[in-house]
Number of protein chains: 2
Amino acid sequence: MLRVLVVDDQALVRRGFAMVLGNESDIEVVAEAGDGLEAIDAARAHKPDVILMDIRMPELDGLESTARILAEVGDETRIIILTTFDPDEYIYRALRAGASGFVLKDIPPEALVAAVRTVAAGGAMLDPTITRRLIARFAGDLGTEQDYGERLERLTAREREVLEAIADGKSNLEIADALFIGPATVKSHVSSVLSKLGLRDRAQAVVFAYECGLAKVGARDVGF
Amino acid sequence: MLRVLVVDDQALVRRGFAMVLGNESDIEVVAEAGDGLEAIDAARAHKPDVILMDIRMPELDGLESTARILAEVGDETRIIILTTFDPDEYIYRALRAGASGFVLKDIPPEALVAAVRTVAAGGAMLDPTITRRLIARFAGDLGTEQDYGERLERLTAREREVLEAIADGKSNLEIADALFIGPATVKSHVSSVLSKLGLRDRAQAVVFAYECGLAKVGARDVGF
DNA sequence: ACGCGTCTCCCCCAAAAGTCGGAGTTGCGC
DNA sequence: GCGCAACTCCGACTTTTGGGGGAGACGCGT
């Protein structure tokens with residue numbers, strides 16, 4: 001039996017989802033919550049298998065609640081984020097917060113039920129448009145390497161090293177130390193890099209490095 | 001009416017999928033193919049809306065076929081990759097090849113039908129385990145959101161705007177123009193941002209913006 | 001031997017960036 | 001009204017950056 005917690009600030013919406021899920025023989029709605037704080041309490045008390053979490057709520061929004069519940073109650077609880085609106089602004093935060101699902105509220109009832117079962121089984125369920133975006137992003141990690149790769153190939157090996165160092169947030173002096181060369185040499189290389197890539201300054205070089213895949217998000221600590 | 005092409009080297013499997021899909025009133029199986037080359041011919045001839053493509057086939061495997069079909073016939077044709085085995089080794093190549101879906105063959109019939117409709121509508125459908133893996137990869141396998149999120153929240157709204165502009169490769173003067181404020185003000189904000197985030201210069205700010213998700217790879221052109 | 005590209009380094013110079021301290025304005029909450 | 005935070009600006013200062021030359025050394029291919 002899958003034990004589910006439904007969280008939404010609108011009682012009607014809450015009841016609707018609870019009703020749909022409750023009709024399934026293998027699903028039981030163990031609690032409902034009207035805001036983020038209630039959600040955390042309920043999660044703590046009932047330790048549900050799956051939480052349906054609205055994103056826009058008073059007190060504490062769904063994303064913050066998600067993060068706290070996963071941190072506190074444990075990640076054997078799966079959370080599906082629900083939203084009415086365009087997910088663009090929230091989706092990234094939701095995924096980072098640890099959500100297992102992200103669906104629009106206009107999802108067909110059967111699909112919602114399927115989503116609950118899917119995430120309970122350890123899978124993840126995203127709205128198709130979001131999935132497509134994730135794929136594009138994933139494929140883009142290497143897909144665009146070809147495009148910008150051309151520009152990258154105009155650089156010499158040493159220049160690429162310097163560019164990497166720039167993308168690491170290093171100053172010219174730090175780069176000099178790291179590569180065992182003089183500061184003047186670094187400046188030469190930096191100038192070549194900027195000129196060859198058509199960039200203006202090292203900040204743009206950092207952007208370029210990320211966009212072309214030379215630098216990858218998550219591949220470093222931002223400790224500085 | 002959705003026009004579908006089914007590609008699999010095993011005739012029985014092929015017929016099975018065709019049968020399931022053909023029973024739907026809004027889906028028509030316009031052709032079947034037994035290997036990659038046949039698939040390309042059939043795709044060229046029928047220009048189907050959706051192709052169900054087995055991954056293991058003689059002559060030309062499903063991934064190579066996918067890439068060629070998308071390049072040749074055009075990307076208004078959506079392709080779903082089917083596999084019996086653990087998708088780990090193929091998924092990466094499949095997504096890069098441009099597939100809109102990737103599902104295991106033991107998918108329930110209704111789910112397969114839903115997948116066809118989903119990708120035809122421009123969405124994407126992945127096996128839940130794959131979706132989870134994509135999310136994990138995207139999120140960097142780490143709950144880093146909180147770390148950087150906290151640091152981001154120390155910034156005022158205006159400072160975040162400035163940081164975004166920095167991450168866009170803009171100079172102080174360009175930022176001033178973009179935000180309709182004086183250059184001196186920009187410098188103030190930049191100083192605040194750097195100091196609050198513990199960064200040294202704008203290049204590190206760009207790195208930070210990418211790492212914390214404020215700036216997104218692929219969300220811009222590196223035209224400068 | 002010669003040219004070529006790369007790596008190394010130098011000087012000078014101008015522009016941009018960043019720091020420091022100060023200061024006026026608004027708006028918001030107590 | 002008062003404190004406070006945020007947004008806005010200023011001026012002067014130091015540091016960093018980037019450009020424009022140039023130059024020596026090395027290796028590589030013709």
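In this text, all values refer to a predicted model and were calculated from it rather than measured experimentally. All chains are named by letter (A, B, ...) in the order of the sequence lines, taking the proteins before the strands, and each is independently numbered beginning at 1.
- Counting non-hydrogen atoms under 4.0 angstrom, A:Leu194 reaches the backbone sugars and phosphates but no base.
- The separation between B:Leu197 atom CG and C:dG18 atom C1' is 15 Å, rounded to whole Å.
- Closest to the side chain of A:Arg158, from the set C:dC7, D:dG18, D:dT17, is C:dC7.
- Here A:Glu164 does not pair with A:Arg160 in a salt bridge; the nearest charged N to carboxylate O distance is not below 4.0 Å.
- Dashed line: the shortest gap from a side-chain N or O of A:Asn172 to OP1 or OP2 of D:dT17 is under 4.0 Å.
- Between C:dT8 and A:His189, a contact under 4.0 Å exists linking OP1 or OP2 to a side-chain N or O.
- Following rounding to the nearest Å, B:Leu155 (CG) and D:dA5 (C1') show an atom-to-atom distance of 14 Å.
- Between the NZ atom of A:Lys196 and the P atom of D:dG19 there is a distance of 14 Å, given to the nearest Å.
- OP1 and OP2 of D:dT16 both lie 4.0 Å or more from every side-chain N or O belonging to A:Arg202.
- The nearest whole Å value for the distance from the CD atom in B:Glu161 to the C1' atom in D:dC7 is 11 Å.
- Residue whose closest nucleotide on DNA chain D sits further toward the 5' end, between B:Arg200 and B:Ile181: B:Ile181.
- Atom NZ of B:Lys187 is separated from atom C1' of D:dC10 by 11 Å (rounded to the nearest Å).
- Across A:Asp61 and A:Ile55, no two heavy atoms sit closer than the pair CB-O, 3.4 Å.
- Between the base of C:dC7 and the side chain of A:Ser188 there is no donor-acceptor pair shorter than 3.5 Å.
- Under 3.5 Å, the side chains of B:Ser100 and A:Arg132 contain a donor-acceptor pair of N or O atoms.
- Between A:Glu76 and A:Lys47 there is no salt bridge, since no side-chain N of the basic residue sits under 4.0 Å from a carboxylate O of the acidic one.
- In this structure, of D:dC7, C:dA17, C:dT6, it is C:dT6 that holds the atom nearest to the side chain of A:Thr156.
- Within 4.0 Å of A:Thr185, counting heavy atoms only, lies at least one base atom of the nucleic acid.
- Between A:Phe102 and the options A:Ile80, A:Thr83, A:Asp127, a side-chain contact (heavy atoms from CB on, under 4.5 Å) holds for only A:Thr83.
- The separation between B:Lys170 atom NZ and C:dA17 atom P is 13 Å, rounded to whole Å.
- Rounding to whole angstrom units, CG of residue A:Leu179 and C1' of C:dT6 are separated by 15 Å.
- Taking atom CG of A:Leu173 as the reference point, atom C1' of D:dT17 lies 12 Å away to the nearest angstrom.
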